[in-house]
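Working notes, beginning with the structure itself.
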Amino acid sequence: MTQDLREWLCFGRACCRARLPLRVGATAVLRLARAAFPRHVLRQRWIRYEIDLADTPPPPPHVRLTRVTDPIIGELRQRPDRAETNLKAGLRFWDEGLRRAYIWLGADGPLCIQWLLLPEDNSQLRRLSDWSGMYPPLPRGTGQVDHLFAFSAARLASVSTEFAYALYDEARRAGVQTLITHIHESHRVARTWAEGAGWRRYGTITRHHLGWPARRTLSVYVHRDEAPRRGEATAPVADLARMRLPRNWSDGAPSTAAGS
């Protein structure tokens, strides 16, 4: 991974490289603001992960992904689970013009869906208003996956893993060598699945949301590089196949840009 992807300070729709002095100074000010105004400064944290697509398995031959279209989105909007956090966030991604999503359609209905972001989406990501700071510019050869949603028929981690391998292949076809994602720190099941599937922790995103009644709110995001923690629990591969994932397993609540 390049340094461009690791250290950022983002606020509003702007992002700048966050060298250590700037990052430390900004974090200190935000901590003071949170201590002084605990009701008006919300802090959240996500763990950042990366995976080298050269090291991932080929897609399972029985998995066929479909590029999401307007008719598919229309059908998803009619589903009873359309209000689930990650599905709702993905639908808002679509409304924001981020149209590169893939779905696995099974014989009895959809199984999994996820969005794939590429460097050509950078300008569109900057238009995501309060959540754009979650997405610093992607360098060439790097993609990002977001808003993975496993429908009720596909909650077993083995199904999500097969879907992920197929999506990796779509990313490789698009010229991606490295994928990144983020998972809310409170979602240990999702993090265990990701680490067992080959994703490597490489940093954090801390969001400080500043808001006062009758005034404009502002979110500040600190993207920090850090070495993986030792002793982080991961489940054996044999157990991952039996693990049942929660409905909104990837990002945590609230979700990312599409603002759920």
Side-chain angles (χ1 to χ4, degrees), residues 46-51 53 56-57 59-60 63-70 72-73 75-77 79 81-82 84-106 109-121 124-125 128 131 134-135 138 142-176 178-184 187 189-191 193-199 240 243 245-253 255-260:
W46 290 260
I47 309 302
R48 300 195 294 173
Y49 290 92
E50 63 182 356
I51 192 167
L53 296 185
T56 58
V63 179
R64 295 287 186 270
L65 300 190
T66 300
R67 182 79 178 262
V68 174
T69 61
D70 278 318
I72 292 175
I73 291 293
E75 293 179 10
L76 295 180
R77 293 190 196 276
R79 292 182 56 87
D81 50 10
R82 63 186 179 276
E84 297 288 352
T85 301
N86 270 16
L87 181 56
K88 182 170 67 173
L91 294 176
R92 290 180 181 172
F93 251 25
W94 187 268
D95 293 337
E96 293 285 352
L98 295 162
R99 302 299 178 92
R100 191 176 292 100
Y102 294 88
I103 191 169
W104 182 6
L105 299 172
L111 299 177
C112 296
I113 187 172
Q114 191 168 36
W115 264 251
L116 173 63
L117 308 175
L118 300 178
E120 49 262 43
D121 298 314
Q124 193 68 34
L125 290 168
L128 292 177
W131 288 96
M134 290 288 289
Y135 305 92
L138 293 166
T142 298
Q144 180 164 353
V145 287
D146 204 358
H147 301 318
L148 172 63
F149 183 76
F151 295 89
S152 58
R155 292 284 154 74
L156 290 179
S158 57
V159 177
S160 298
T161 300
E162 291 175 339
F163 172 83
Y165 290 157
L167 188 59
Y168 299 162
D169 192 56
E170 296 290 345
R172 280 190 290 263
R173 293 170 186 241
V176 174
T178 302
L179 275 177
I180 63 171
T181 193
H182 52 257
I183 302 174
H184 197 274
H187 278 208
V189 172
R191 291 168 54 196
W193 176 89
E195 292 160 11
W199 289 86
L240 287 172
M243 184 186 300
L245 298 177
R247 291 182 176 183
N248 298 301
W249 69 265
S250 68
D251 288 348
S255 185
T256 57
S260 46

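What's counted below: heavy atoms across the whole structure, side chains too, no hydrogens, waters or symmetry copies.
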Any side-chain heavy atom of Glu75 sitting closer than 4.5 Å to one from Pro110?
no

Any side-chain heavy atom of Gln114 sitting closer than 4.5 Å to one from Ser160?
no

Are the side chains of Leu76 and Phe151 in contact, using a 4.5 Å heavy-atom criterion?
yes

Could you tell me if the side chain of Leu179 sits less than 4.5 Å from the side chain of Leu53, heavy atoms only?
yes

I'd like to check Leu128 versus Met134 (side-chain heavy atoms, cut-off strictly below 4.5 Å). Are they in contact?
no

From CG (Leu167) to CD1 (Ile103), nearest 0.5 Å:
12.0 Å

With a 4.5 Å cut-off on side-chain heavy atoms, are Leu138 and Asp121 touching?
no

Which heavy atom of Arg172 sits nearest a heavy atom of Pro59, and at what distance?
NH2-CD, 4.2 Å

Distance from Phe93 atom CZ to Asn86 atom CG, nearest 0.5 Å?
10.0 Å

Mind listing the closest non-hydrogen atom pair of Phe163 and Tyr102 along with its distance?
CZ-O, 3.6 Å

Listed partners of Glu120 passing salt bridge (charged side-chain N to carboxylate O under 4.0 Å, His left out), at least two apart:
Arg100

So, using side chain to side chain contact (heavy atoms under 4.5 Å, CB included) as the criterion, who are the partners of Asp95 when residues are at least two apart?
Arg77

Side chain Gln124, main chain Glu96, donor-acceptor under 3.5 Å:
yes

Hey, are Tyr135 and Asp146 close enough side-chain-wise for a donor-acceptor pair under 3.5 Å?
yes

Return the minimal non-hydrogen interatomic distance between Gly90 and Trp115, and the atom names on each side.
O-CZ2, 2.9 Å

Partners passing salt bridge (charged side-chain N to carboxylate O under 4.0 Å, His left out) against Arg67 (at least two apart in sequence or in another chain):
none

If I compare all heavy atoms of Leu118 with all of Ala174, which pair ends up nearest, and what's the gap?
CD1-CB, 3.9 Å

Testing the basics here: between Pro60 and Ala166, what is the closest heavy-atom pair and its distance to 0.1 Å?
CD-N, 4.3 Å

Which value, rounded to the nearest 0.5 Å, describes the distance between Ile113 atom CD1 and Leu91 atom CG?
7.0 Å

Might you point out which heavy atoms bring Leu116 and Ala171 nearest each other, and give the distance in Å?
CD2-CA, 4.0 Å

Asp70 versus Trp94: any side-chain heavy-atom pair under 4.5 Å?
yes

I want to check something: taking the side chain as every heavy atom from C-beta on, are Trp104 and Leu65 in contact at a cut-off of under 4.5 Å?
yes

Step-by-step side-chain contact (heavy atoms from CB on, under 4.5 Å) determination, Leu98 to Leu125
CA-CA 8 Å; Leu98 295 162; Leu125 290 168; 3.8 Å; yes

Step by step, work out the side-chain contact (heavy atoms from CB on, under 4.5 Å) result for Val145 and Trp199.
CA-CA 12 Å; Val145 287; Trp199 289 86; 3.7 Å; yes

